[in-house]
Amino acid sequence: MERQKRVLAVHDISGVGRCSLTVALPIISAAGVECSVLPTAVLSTHTGGFTGYTCRDLTDDLLPMARHWSSLGERFDAIYMGYLGSFAQMDMMREVFSILAEKDTLIAVDPVMGDNGKLYAAFDMTFPPAMRELCTHADLIKPNMTEAALLLGEEYRPGPYTREYVEGLLTRLAKATATRQIVLTGVYFDDRELGAATLDAETGEIAYILGRNVPGLYHGTGDVFGSALVGAMVRGLPLSEAVRAAVDFTVAAICTTAKAGTDIRYGVNFEANLPVYMRALGIL
Ligand code: PXL
């Protein structure tokens, strides 16, 4: 029997609103992968659409936790970083990678900063250049169209997009971050389909993996997609198959939520669709 794989998920935990660790834990577990956690902050809700949320910043705990694991000889097949709780955590993450990542550890960075052309409420414009530097330490980055523009210091463009624009973004991101694998989400050319574009900077291969375009902006879908992607990659799926599994799962979760008419702030019903994801990985 093969050794069980293990991911370290570095995100906040928002108590209500299905995103970050409340999404990464169940999805990565459903992939049959152990999910350890380094929480960056504890919030009552996420910051997208709720007002009056509480936030306990855990900046001071990050390095002591990483050093403790290092002293125990803990190993991780991937480190999956998402929402950071403070600007200071950016520098610390570089150190977390150097303490905990081994040669074959996949460092996957989701440069969580904004969506739909806007920065999330807790961040200011000092964040994007620092996040761009952090991305230079990653093997894989997964920006959405807003985050791609922020990383590049370019103006956000609303869709629909052209292949020329998308491929230009991928190429400029590869140049700016020297990351091997780039997965750009929120790509669409018309109202029918939406999904991701990928670039493998080593081979120069670009691929489009699209699914049904369901109208509406559902919260936390980036984390559903990212968690599914990391789970599939750690299980050994090639990039395009891992992205396909993540797109199909995310679209299924959005469709279930759209049918139910749930308030979009509460994220998507990925729970009902975990079997879709597990079947794509050959677990079910
Ligand atoms: O899904 C990204 C995310 C994660 N964590 C917190 C957020 C957001 C997006 O708004 O506010 C706290």
Side-chain angles (χ1 to χ4, degrees), residues 7-28 35 37-59 61-62 79-90 92-93 108-125 127-128 130-131 134-135 138 140-151 156 183-186 194 196 216-231 246-247 249-251 253-254 257 262-271:
V7 168
L8 175 64
V10 186
H11 300 247
D12 72 286
I13 184 155
S14 293
V16 162
R18 265 186 305 206
C19 66
S20 45
L21 282 182
T22 62
V23 163
L25 270 163
I27 295 175
I28 290 170
C35 185
V37 300
L38 180 56
T40 58
V42 181
L43 293 90
S44 52
T45 66
H46 61 67
T47 66
F50 294 101
T51 50
Y53 53 84
T54 69
C55 180
R56 166 93 41 201
D57 172 31
L58 297 178
T59 301
D61 296 277
L62 293 193
I79 299 176
Y80 166 37
M81 190 205 95
Y83 189 96
L84 295 183
S86 72
F87 188 85
Q89 290 182 2
M90 209 83 77
M92 288 178 187
M93 279 314 300
V109 169
D110 186 348
V112 176
M113 290 187 288
D115 205 358
N116 205 25
K118 289 201 202 87
L119 269 178
Y120 289 136
F123 304 140
D124 62 31
M125 282 312 280
F127 230 70
M131 186 62 89
L134 190 57
C135 286
L140 182 153
I141 59 170
K142 186 211 82 61
N144 59 30
M145 297 301 277
T146 302
E147 291 153 351
L150 288 167
L151 288 174
Y156 168 73
V183 179
L184 183 60
T185 61
L194 181 143
L217 288 168
Y218 289 87
H219 202 90
T221 49
D223 297 334
V224 170
F225 176 91
S227 304
L229 173 67
V230 169
V247 166
F249 174 51
T250 308
V251 170
I254 292 171
T257 312
T262 321
D263 182 335
I264 58 167
R265 294 178 303 172
Y266 291 93
V268 290
N269 182 350
F270 67 85
E271 294 91 340

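First listed ligand is number 1; within each ligand, the first listed atom is number 1. From a predicted model like this one, the values you see are computed outputs, not experimental measurements. Just so you know, these numbers use all the heavy atoms, side chains as well, and skip hydrogens, waters and symmetry mates.
The shortest distance between side-chain heavy atoms of Ile79 and Val10 falls below 4.5 Å.
For residues 46-59, no pair satisfies salt bridge (Lys or Arg N to Asp or Glu O under 4.0 Å), with sequence neighbours left out.
When only modelled atom types and interatomic distance are considered, Asn269 and Thr257 share no side-chain donor-acceptor pair under 3.5 Å.
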Full working for side-chain hydrogen bond (donor to acceptor under 3.5 Å, both in side chains) between Ser20 and Asp223: CA-CA 6 Å; Ser20 45; Asp223 297 334; 4.8 Å; no
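With sequence neighbours excluded, the residues forming a side-chain hydrogen bond (donor to acceptor under 3.5 Å, both in side chains) with Ser86 are Thr59, listed by chain and number. With sequence neighbours excluded, the residues forming a ring pair (Phe, Tyr, Trp, His ring centres under 6.0 Å) with Phe50 are His46, Tyr266, listed by chain and number.
Protein residues with a heavy atom closer than 4.0 Å to ligand 1 are Asp12, Ser14, Cys19, Ser20, Leu43, His46, Thr47, Gly48, Tyr83, Val112, Tyr120, His219, Asp223, listed by chain and number.
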